[in-house]
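Reviewing the structure listed below.
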2 protein chains.
Amino acid sequence: MELRKIFNRISVLRQERGISRKQLAQKIGVNFQTVGYLEREEYNPSLDLAFRISEYFNLPINLIFSTKPLKPLSEELLKLKQGD
Amino acid sequence: MELRKIFNRISVLRQERGISRKQLAQKIGVNFQTVGYLEREEYNPSLDLAFRISEYFNLPINLIFSTKPLKPLSEELLKLKQGD
DNA sequence: ACCATCTGTTGTATATTTACAACAAAAAGC
DNA sequence: GCTTTTTGTTGTAAATATACAACAGATGGT
């Protein structure tokens, strides 16, 4: 089907929380190397795993994952503050 | 990893649009039988496919997919109209 | 400098998703 | 009622996601 690569903010969000891959992995119920694969965007998470990540960070899927490259959160914030 | 089953509203949304599985399949770039599998919730779509479906229906992922059984859209509407 | 933890990388095995073919049952058009 | 389209089902094969092990390099604390 020619899967598109999905971009994500997992590593930024994880670092904001100050937790290691191993800790995040345990929280979302996967192997810690799997978190590495996801952060490096070497493959896409399953929909269920995307939901778990979304639940853990308490953010909607669309804020964490995107079909288009994600800009730094700081830029997004700036745009909002400036009213786009 | 013990994947959870993800519930979805694909068949309702498709029927609202009055299109067949074959037509939807073509729009989102999969085999028409794959749409059948998804509607029957026999397996979860990949994250990319979930995004394509979300893009096609022009609705956020969370409105189409959920880890918990989805109530009929009519009920959701009622709740909103009644102010929860 | 040493030790522990974290991260990146590679390789193999298993599970899940998708495609595709075939056919039966149901629904829709005429 | 007949024909076409749609849907459900089963089976097999391919692609993708996940687990797990091993190891090297980086980072951090003491």
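The figures that follow rest on heavy atoms only: side chains count, while hydrogens, waters and symmetry mates do not. So that the names make sense, note that chain A is the first sequence line, chain B the second, and so on, each numbered from 1.
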Using distance only, find each side-chain donor-acceptor pair of residues 47-54 of chain A under 3.5 Å and give its atom names and separation, not counting sequence neighbours.
from: A:Asp48; atom 1: OD1; to: B:Arg4; atom 2: NE; distance (Å): 2.7
from: A:Asp48; atom 1: OD1; to: B:Arg4; atom 2: NH2; distance (Å): 2.8
from: A:Asp48; atom 1: OD2; to: A:Arg52; atom 2: NE; distance (Å): 3.4
from: A:Asp48; atom 1: OD2; to: A:Arg52; atom 2: NH2; distance (Å): 2.9
from: A:Asp48; atom 1: OD2; to: B:Arg4; atom 2: N; distance (Å): 2.9
from: A:Arg52; atom 1: NH1; to: A:Ile28; atom 2: O; distance (Å): 3.1
from: A:Arg52; atom 1: NH2; to: B:Glu2; atom 2: O; distance (Å): 3.3
from: A:Ser54; atom 1: OG; to: A:Leu59; atom 2: O; distance (Å): 2.7

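- Looking only at side-chain heavy atoms (C-beta outward), B:Arg17 and B:Leu24 stay at 4.5 Å or farther from each other.
- At whole-Å resolution of the value, CG in B:Leu38 and P in C:dT18 are 6 Å apart.
- Residues passing the salt bridge (Lys or Arg N to Asp or Glu O under 4.0 Å) test with B:Lys71, sequence neighbours excluded: none.
- The CD atom of B:Gln23 sits 9 Å away from the P atom of D:dT7 (whole-angstrom rounding).
- Applying the ring pair (Phe, Tyr, Trp, His ring centres under 6.0 Å) test to A:Phe57 and every residue at least two apart in sequence or in another chain returns nothing.
- Using a 4.0 Å cutoff on non-hydrogen atoms, the parts of residues 25-35 of chain B near DNA chain C are B:Gly29, B:Val30, B:Asn31, B:Gln33, B:Thr34, ordered by number.
- The salt bridge (Lys or Arg N to Asp or Glu O under 4.0 Å) check on B:Glu41 picks up B:Lys5, with sequence neighbours excluded.
- Side-chain N or O atoms of A:Arg9 include none that pairs as donor or acceptor with a backbone N or O of A:Ile64 at under 3.5 Å.
- Between the side chain of A:Gln26 and the main chain of A:Lys22, no donor-acceptor pair closer than 3.5 Å is present.
- No donor-acceptor distance shorter than 3.5 angstrom exists from the side chain of A:Glu39 to the backbone of A:Gly36, with no hydrogens or angles considered.
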Expected rows: protein N/O vs nucleotides 26-30 of chain C N/O, under 3.5 Å:
none

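- Between the side chain of B:Glu16 and the backbone N or O of B:Val12 there is no donor-acceptor pair closer than 3.5 Å.
- Taking the side chain of B:Lys22 as heavy atoms from C-beta on, and the options D:dT6, C:dG11, D:dG11, the nearest nucleotide is D:dT6.
- Counting only residues at least two apart or in different chains, salt bridge (Lys or Arg N to Asp or Glu O under 4.0 Å) contacts with residues 58-68 of chain A are absent.
- Remark: A:Ser20 is in phosphate contact with C:dC6, judged by side-chain N or O atoms under 4.0 Å from OP1 or OP2.
- Under the rule for a ring pair (Phe, Tyr, Trp, His ring centres under 6.0 Å), B:Tyr56 has no partner lying at least two apart in sequence or in another chain.
- Summarising the geometry, the separation between CD1 on B:Ile10 and C1' on D:dT6 is reported as 17 Å, rounded to the nearest angstrom.
- Remark: A:Phe32 pairs with no residue by the ring pair (Phe, Tyr, Trp, His ring centres under 6.0 Å) rule, at least two apart or across chains.
- Regarding A:Gln15, its CD atom lies at a distance of 17 Å from the P atom of D:dA26, rounded to whole Å.
- A stem is defined here as three or more consecutive Watson-Crick or G-U pairs, each with both distances under 3.5 Å; for DNA chain D these stems are C:1-30 with D:1-30.
- Put simply, CZ on A:Arg4 is 17 Å from C1' on D:dA15, counting in whole angstrom units.
- Against DNA chain C, the stretch residues 41-56 of chain B makes heavy-atom approaches under 4.0 Å through B:Tyr43, B:Asn44, B:Pro45, B:Ser46, B:Leu49.
- Listed for the B:Asn8 side chain is a donor-acceptor partner under 3.5 Å among the backbone atoms of B:Leu38.
- Counting to the nearest Å, the C1' atom of D:dA26 and the CZ atom of A:Arg40 are 14 Å from each other.
- Applying the salt bridge (Lys or Arg N to Asp or Glu O under 4.0 Å) test to B:Glu75 and every residue at least two apart in sequence or in another chain returns nothing.
- Rounding to whole angstrom units, CD of residue B:Glu39 and C1' of C:dT17 are separated by 17 Å.
- Regarding A:Ile6, its CD1 atom lies at a distance of 13 Å from the P atom of D:dT16, rounded to whole Å.
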